[in-house]
Structure formats: structure tokens, C-alpha cells
Amino acid sequence: DAKTTQPPSMDCAEGRAANLPCNHSTISGNEYVYWYRQIHSQGPQYIIHGLKNNETNEMASLIITEDRKSSTLILPHATLRDTAVYYCIVRAPRAYSGGGADGLTFGKGTHLIIQP
Amino acid sequence: EAQVTQNPRYLITVTGKKLTVTCSQNMNHEYMSWYRQDPGLGLRQIYYSMNVEVTDKGDVPEGYKVSRKEKRNFPLILESPSPNQTSLYFCASSWGQGIGEQFFGPGTRLTVL
């Protein structure tokens with residue numbers, strides 16, 4: 001899986017859009033970009049994923065650059081409950097080959113703090 | 001409600017006393033996985049299971065066992081816990097391996113004295 005780079009922390013005002021960047025310059029053609037978040041010591045929560053087109057769901061939007069070397073997660077109207085660590089993960093589909101670790105690679109992520 | 005449940009949520013035990021952390025999912029997922037999370041090390045995969053009776057080692061399997069006798073359950077067994085297994089443990093499940101959304105349980109905080 002390609003490595004990702006995220007800023008360690010970001011602040012955002014409540015009610016504003018939070019834009020979280022992720023750099024994945026070595027991404028391969030079959031690798032998807034996933035975003036998860038973890039609210040203090042809770043289980044990670046899936047947010048969104050995409051391959052090359054922009055994606056939107058009820059939680060967020062994912063914007064992937066045309067060259068796929070970076071992406072941005074957008075939380076359109078951030079609330080205090082969106083304060084969490086956000087992880088950008090790049091991962092290819094796998095065919096089971098009978099062994100080998102295959103866990104999601106959670107880096108250090110971005111600690112997003114929503115300010116009232 | 002679709003969910004992954006873990007029990008217990010908190011456990012304090014002593015070195016060498018066998019314990020089991022249960023994990024159950026109600027989404028008919030084939031794929032299940034265990035992670036541990038430690039400060040500064042992030043989440044690391046312990047074991048995973050592609051389906052019933054199919055399990056494989058993750059990055060840090062030493063000191064742990066798992067079984068997958070039923071699709072919905074994937075217990076984590078510590079035969080002889082040691083203090084270095086003090087950690088926050090998460091179970092996860094998904095439809096298949098390596099693609100799509102993984103659902104995580106609420107976590108089990110284990111302390112081994």
C-alpha cells in the first residue's frame with residue numbers, strides 16, 4: 001500500500017467546512033483512497049473512499065486530484081463532535097493468497113480540532 | 001442495527017491468567033480482524049479471518065490465538081497474558097478482504113499486571 005502524508009493537526013471553526021489534505025504521491029492505479037476517523041479511544045469509523053472520481057456521502061466529500069497524487073476530505077459543516085483523528089489510507093483490493101498480514105495501515109493521521 | 005460488539009469492554013487481569021475477548025458481528029460479514037492500538041505505534045493487525053475456519057497472522061500475532069468456528073464470532077484468546085499485552089484492542093469486520101468499509105467494534109481496554 002502506498003504511503004500517505006497528512007498534517008499532524010488542524011483547527012477549524014464550528015459551522016465552517018473542514019478541509020483535510022492527504023498526499024499519496026506513490027499511489028498505484030488500482031489503489032483506493034480511504035478515510036477513517038477515530039474519536040478519542042473509540043473504534044475507528046469509516047467515512048468515505050474513492051478511486052479517481054470525487055465522491056460524496058452523508059458525512060463528507062472526497063476530492064481526488066486528476067493525477068491521484070493527493071486528495072482532500074471535506075466536512076461541509078463541522079461540529080464539535082467532528083473533533084477526532086482523521087486517517088487517510090491508500091489500499092488496493094486484495095485476492096486472498098493464503099497468508100500475510102493485510103491490515104489497514106493507520107498512520108499518525110490528522111488531529112482535527114473543531115473550535116466553538 | 002448493524003454493529004460489531006466486543007466483550008468485555010474493560011479488563012484488568014494478572015500475568016498468566018488465560019482470557020478471551022469476544023467479538024461478534026451481525027452483518028453476515030466474511031472478513032474479520034483484530035487490531036491492537038498502542039501510543040506512538042498506531043493500530044496494528046494481530047490476526048484476521050477470511051471466513052469460517054480460515055485464519056491468518058497479522059503483523060503482531062505472538063502471544064495471541066484466534067478461532068472462527070462461526071461466521072459471526074471471532075474471539076481473541078490470550079493463553080498466558082503478559083504486561084506487554086496491555087493495550088486497546090479492536091475487532092473489525094467487512095464483506096471482503098481489503099476493499100470497502102470496515103466496521104470496528106467499540107474496543108476492549110486490557111491491563112495485564
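Letters go in sequence order (proteins before strands), and every chain restarts at 1.
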**Prompt:** Would you say the side-chain atoms of A/His111 and A/Ser9 include a donor-acceptor pair closer than 3.5 Å?
**Reply:** no

**Asked** Quick one: what part of B/Tyr47 sits under 4.5 Å from any heavy atom of chain A, side chain, backbone, both or neither?
**Response** neither

**Prompt:** Contact part of A/Ser41 toward chain B, heavy-atom cut-off under 4.5 Å: side chain, backbone, both or neither?
**Reply:** both

**Asked** Which distance, rounded to the nearest 0.5 Å, do you find between the NZ of B/Lys65 and the CD1 of B/Ile46?
**Response** 15.0 Å

**Request:** Side chain from CB out, backbone as N, CA, C, O: work out which of these in A/Ile47 comes under 4.5 Å of a heavy atom of chain B, or both, or neither.
**Result:** neither

**Complete:** Per-residue tally against chain A (heavy atom, under 4.5 Å) across B/Pro106, B/Gly107, B/Gly42 peaks at B/Pro106

**Prompt:** Do A/Arg37 and A/Tyr86 get their side chains close enough for a donor-acceptor pair, meaning under 3.5 Å?
**Reply:** yes

**Item:** Engaged part of B/Arg109 at the chain A interface, taking heavy atoms whose separation is under 4.5 Å
**Value:** side chain

**Prompt:** Looking at B/Phe90, B/Tyr64, B/Tyr48, B/Phe104, which hits ring-ring contact (aromatic ring centres under 6.0 Å, His included) with B/Tyr35?
**Reply:** B/Phe104

**Proximal component of B/Gln37, with respect to chain A [non-hydrogen, under 4.5 Å]** = side chain

**Asked** Are A/Phe106 and A/Leu112 connected in a single hydrophobic cluster, I mean Ile/Leu/Val/Met/Phe/Trp/Tyr linked by side-chain heavy atoms less than 4.5 Å apart?
**Response** no

